[in-house]
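The structure under discussion appears below in the form of structure tokens.
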Amino acid sequence: MTLRWRLALVHLALAIIVTGGVSLRLGGGLGEVVADPLLVLLVLVGSGISTAVVLCSGRSALGEMGDALRREREDPADHFAISLPDFTELERPLTDLVAKYRDQVSRLNSEKSRLEVIIESITEGILVTGRDGRIALANTALERLFNLDISTVGRPTAEVIRQASIQEAISTSLAQGTGRALEVEVAGSLRHLDMHVAPIRQGEECVGVVSVFYDITRLRQLERMRRDFVANVSHELRTPLTAIKGYAETLADGALDDREMAGRFVAIISSHADRLNRLLDDLLDLSRLESDQLQVDKAPCNLRNLVEICSTSVAAASAQKNIVIRSDVGADIEVSCDPKLIEQALVNLLDNAIKYTPEGGDVRVFTRVDSSRLWLDIADTGMGIPSEDLGRVFERFYRVDKGRSRAMGGTGLGLAIVRHVVEAHGERVLVHSTLGEGTTFSLSFTCV
Ligand code: ADP
């Protein structure tokens, strides 16, 4: 390149820089990207060449090159070619620069698509609010968390998410450029969210806010269940312990000398100790059933045999109340189940049937087929369960009549154990009852 050309290029570059520089902008959904010095250089070189052409070769070459650069800008896919009869040695470096520029644009585009995919696949709700308080981005998870079925981008955040605490967190972060975390309850639903707000800065300025929402509803539910459980267990333990302590103190205070009274008190203490034992056994069973490590060893089992084994287990209790257990189960019905677990569930159901049926009542165990499933029904002629309680009897410690259940030695955990056993088998348990007439529990089985 001659001295004259170099001077022309330097001259043009200085002219452009002095008159305000070059700012190329590439549009994009996630924002705008200012081109790097490579692009500025491209313009400088191109402009330098144009000037040189003006200086040396007249306006025709400049026009041709201008057309080519315009075509490149309008349609980058078009083949870029400039014919410079007098400057062929510049064609290669210029074409290389354009190739680099194209490469950069395509890299930015694929980066942008990747970001969009990542944001959409995140399970936490993401909300980007611009400095004007309008939504710049909201992912699908956010729309799901807030049940939004409208398009959100471009609308004011306060109009889309009508929740004062969320709005306050975003506007404070925008105004002060600070981040924070808070817990919010979605209005009109039972959803609990953990919200993290962080400002987006450009230099010293806060140009927007990113809010991330984590759904912690399940966590809060579990915490509440744990609290209720601890309270229930403490209450269940306290009742027999108070009785044991009370009778022991009475004995110590002199009742020991009265042999008859002492015998009665010792028997009461023993029955409360038995109750504590049952409670602990049930709690351990339940915790084993609820643990993820529960192993269900399914094997082909004869259903009639299973029912007979369980009836024998409760024979003493049924004889005491003069209740006969009638079983009508086909001798050849083979089902797939873990016999130990199913026995535990069946004994609990038979035990309840006896407990909540008056003397001389009736308990029947029989099979039926319904909706192509085999069901085993345990039906009693007892007191029945009020319809409003039917949906809750499988909950831990739920009792229709607390006093009666305790008086009969119930722990309030029997049906919770039944439900866990059945669900661990992938089967179902149903209950039907008519107050004052009786109750039927039905277990589904899979035949082999
Ligand atoms: P419990 O140890 O109190 O019997 P369960 O979990 O076995 O606890 O049963 C929960 C409640 O359901 C009982 O307290 C009782 O009120 C009711 N219940 C269960 N089985 C029967 C039944 N066969 N007839 C009437 N009520 C029943």
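Each ligand, and each atom within it, is numbered from 1 in the order the structure gives.
Less than 4.0 angstrom separates some heavy atom of Lys355 from each of these atoms of ligand 1: 1 (P), 2 (O), 4 (O). Close approach of ligand 1 to Leu415 (heavy-atom distance below 4.0 Å) involves ligand atoms 5 (P), 6 (O), 7 (O), 9 (O), 10 (C), 12 (O), 19 (C). In summary, the atoms of ligand 1 found under 4.0 Å from a heavy atom of Thr411, numbered by their order in the structure, are 2 (O). Close approach of ligand 1 to Gly414 (heavy-atom distance below 4.0 Å) involves ligand atoms 5 (P), 6 (O), 7 (O). Distances below 4.0 Å separate heavy atoms of Phe441 from the following atoms of ligand 1: 20 (N), 23 (N). Those atoms of ligand 1 with a heavy atom of Gly412 less than 4.0 angstrom away are 1 (P), 2 (O), 3 (O), 6 (O), 8 (O).
Partner of Ile323 under the side chain to side chain contact (heavy atoms under 4.5 Å, CB included) criterion, chosen from Asp362, Asp380, Thr381, Ile354: Ile354.
Arg278 has no carboxylate O lying under 4.0 Å from a charged side-chain N of Asp281, or vice versa, which leaves the two without a salt bridge. A salt bridge is absent between Arg364 and Asp377: the closest approach of a Lys/Arg side-chain nitrogen to an acidic carboxylate oxygen does not fall below 4.0 angstrom.
The distance criterion of under 3.5 Å between nitrogen or oxygen atoms is not met by Tyr398 with respect to ligand 1. At least one N or O atom of Val400 sits closer than 3.5 Å to an N or O atom of ligand 1.
A donor atom on one side chain and an acceptor atom on the other are found under 3.5 Å apart for Glu168 and Thr172. Looking only at atom types and distance, the side chain of Thr411 has no donor-acceptor partner in the side chain of Glu236 under 3.5 Å away. Side-chain contact annotation: Arg373 with Ser444, donor-acceptor N/O pair under 3.5 Å present.
The closest protein non-hydrogen atom to atom 12 (O) of ligand 1 is Val393 CG1, 3.6 Å.
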